[in-house]
A.B. asks: 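The structure is given below, and queries will be raised subsequently.
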Protein chains: 2
Amino acid sequence: MSDDDSAVARERVIESMEQSAEVYGLSRSAGRIYGVLYFASGTLSIPELVEETGYAKSTVSNVTRTLSRIGLIHRRSSAGGGRRVQFEAEREVWFILQDVFQQYIQREVQTTLRTIRRAEEQVPPDAREQEPIQNLRETYEDLEEIVQLASEYSAAELREALETYEQ
Amino acid sequence: MSDDDSAVARERVIESMEQSAEVYGLSRSAGRIYGVLYFASGTLSIPELVEETGYAKSTVSNVTRTLSRIGLIHRRSSAGGGRRVQFEAEREVWFILQDVFQQYIQREVQTTLRTIRRAEEQVPPDAREQEPIQNLRETYEDLEEIVQLASEYSAAELREALETYEQ
DNA sequence: TGGTTTGTTCGGATTGAGCCGAACAAACAG
DNA sequence: CTGTTTGTTCGGCTCAATCCGAACAAACCA
């Protein structure tokens with residue numbers, strides 16, 4: 001039964017997405033809802049997502065909102081037609097990774113860097129605390145630049161940039 | 001009071017580390033304990049960490065174990081002397097980021113890739129599920145290579161590799 | 001040897017996140 | 001205008017993580 005095989009394979013991948021979602025600070029339900037949308041041909045409404053995922057309507061409502069906000073799925077407000085809101089997965093996987101990355105890493109790096117800089121200004125130059133703070137700031141400045149540049153490249157470009165860099 | 005200023009700045013940075021720890025999947029206590037060790041000159045024992053952080057002895061014991069396992073701090077078992085176990089922070093911040101990165105991203109990428117590959121083998125080539133799975137695999141293969149290469153470079157090298165890559 | 005310091009392990013309290021069902025609001029269909 | 005379908009919001013339940021204190025083991029000291 002290759003139809004069964006396909007269903008099993010699909011389910012495996014979606015389970016894997018549930019796990020990945022947890023690693024990246026999202027909920028399991030977010031992983032499954034995205035997965036169902038990723039494999040769907042076209043768009044799905046909230047009742048359809050309830051049917052496909054088994055989650056409660058309220059859960060689907062909440063999770064789709066956060067997924068839309070981050071950019072993992074898109075809200076297509078169909079003006080006409082019976083059902084109102086339709087959701088579609090962002091299928092460009094690299095975009096998603098960038099979005100998640102941005103959401104969690106870039107923001108963290110920037111707020112941390114701001115705090116460190118303020119702390120460094122406050123510390124007298126001869127204090128014992130000056131050197132470790134400066135050290136911290138310098139690494140985070142590198143990191144900020146790296147994250148910034150990485151977010152502007154495609155996966156293939158990034159890979160090539162690293163592979164061709166020999167010194 | 002520049003002494004106070006130093007103390008305040010130090011506290012700010014440690015609080016920032018608590019936050020960062022949470023973002024990277026560690027506990028607040030882990031962030032604080034690392035922070036105290038980062039600013040300490042030399043090593044600290046568990047009782048000293050209890051005194052400095054305000055956490056219970058059991059908490060310090062558990063957290064230092066996990067931090068050692070990941071590589072954020074180092075356990076210096078002083079053979080002689082009154083106190084037994086001494087801890088020292090890994091002060092090379094880039095190493096730490098690599099460790100955390102490796103712990104959370106690299107492992108996730110590899111297990112995901114394994115699952116995707118298995119799923120792709122299982123799916124018949126003409127199935128509707130074939131194309132999205134293949135798409136997923138290709139992006140993750142790029143990602144695996146990127147993460148692998150990135151983990152081998154220093155912050156400065158990585159930054160330079162990205163900055164000099166123009167096409 | 002007895003007492004103290006150190007470190008780990010256990011059970012339990014507290015907290016927060018995730019999810020559900022019910023209640024509600026709003027749009028649509030008959 | 002009344003029913004139904006859709007979507008959001010609210011309160012509550014459950015479970016897991018975090019942290020604490022107590023109990024225990026082991027090393028050190030007098």
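All values reported here derive from a predicted model rather than from experimental measurement. Throughout, protein chains are lettered first and strands after them, A, B, ... in sequence-line order, and every chain is numbered starting at 1.
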A.B. asks: Let me know the distance between CZ of Arg32(A) and C1' of dC20(C), rounded to the nearest Å.
C.D. replies: 17 Å
A.B. asks: Would you confirm whether Tyr24(A), through its side chain, and Val100(A), through its main-chain N or O, come within 3.5 Å as a donor-acceptor pair?
C.D. replies: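 Checked: no pair found.
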A.B. asks: Establish whether Phe95(B) and Tyr140(A) are linked, either directly or via other cluster members, by ILVMFWY side-chain heavy-atom contacts under 4.5 Å.
C.D. replies: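 Looking at the clustering, Tyr140(A) is in a separate group from Phe95(B).
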A.B. asks: Could you list all N or O pairs between the protein and nucleotides 9-12 of chain D that sit under 3.5 Å apart?
C.D. replies:
unit_1, atom_1, unit_2, atom_2, d
dT9(D), OP2, Arg65(A), NH2, 3.2

A.B. asks: Rounded to whole angstroms, how far apart are OH on Tyr55(B) and C1' on dG7(C)?
C.D. replies: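 Distance, rounded to whole Å: 20 Å.
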A.B. asks: Which nucleotide in the list dC19(C), dT8(C), dC19(D) gets nearest to the side chain of Ser27(B)?
C.D. replies: dC19(D)
A.B. asks: Does any nucleotide pair with dC28(C) by Watson-Crick or G-U wobble geometry, both distances under 3.5 Å, and what is it?
C.D. replies: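 The answer is none; no pair meets the criterion.
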A.B. asks: Arg28(A) CZ to dT14(D) P: how many Å, rounded?
C.D. replies: 20 Å
A.B. asks: Mind telling me if dG3(D) is syn or anti? Syn here is a glycosidic angle within 90° of 0.
C.D. replies: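 With its glycosidic angle within 90° of zero, dG3(D) counts as syn.
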A.B. asks: Checking all strands, does Gly54(A) fall into the base, sugar-phosphate, or nothing category for heavy-atom contacts under 4.0 angstrom?
C.D. replies: sugar-phosphate
A.B. asks: Could you give the CZ-to-C1' distance, from Arg75(B) to dG7(C), as a whole number of Å?
C.D. replies: 9 Å
A.B. asks: Is there a Watson-Crick or G-U wobble partner for dG3(D) with both distances under 3.5 Å, and if so, which one is it?
C.D. replies: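 Because no pair has both required distances under 3.5 Å, dG3(D) counts as unpaired.
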A.B. asks: Measure CG/Leu49(A) against P/dC19(C) and give the value in whole Å, please.
C.D. replies: 14 Å
A.B. asks: Roughly how far, to the nearest 0.5 Å, is the CD atom of Glu157(B) from the CD atom of Glu152(B)?
C.D. replies: 10.0 Å
A.B. asks: In whole angstrom, give the distance that lies between atom CZ of Phe87(A) and atom C1' of dT8(D).
C.D. replies: 11 Å
A.B. asks: Return the minimal non-hydrogen interatomic distance between Val123(A) and Ser6(B), and the atom names on each side.
C.D. replies: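 Minimum heavy-atom contact is CG2-CA, 4.1 Å.
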A.B. asks: I want to check something: taking the side chain as every heavy atom from C-beta on, are His74(A) and Ser68(A) in contact at a cut-off of under 4.5 Å?
C.D. replies: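 Not in contact.
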A.B. asks: How far apart are the C-alpha atoms of Glu108(B) and Thr112(B), what are their side-chain angles, what is the distance that settles it, and do they pass the side chain to side chain contact (heavy atoms under 4.5 Å, CB included) test?
C.D. replies: CA-CA 6 Å; Glu108(B) 194 275 329; Thr112(B) 299; 2.8 Å; yes
A.B. asks: Between dC19(D) atom P and Leu67(B) atom CG, what is the distance in whole Å?
C.D. replies: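 Taking CG of Leu67(B) and P of dC19(D), I get 11 Å after rounding.
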A.B. asks: What is the distance, rounded to the nearest whole Å, between atom CZ of Arg84(B) and atom C1' of dC28(D)?
C.D. replies: 7 Å
A.B. asks: Can you check whether Ser151(B)'s main-chain N or O pairs, donor with acceptor, with Gln98(B)'s side chain at less than 3.5 Å?
C.D. replies: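 Yes, the answer is positive, given that a donor and an acceptor are paired below the 3.5 Å cut-off.
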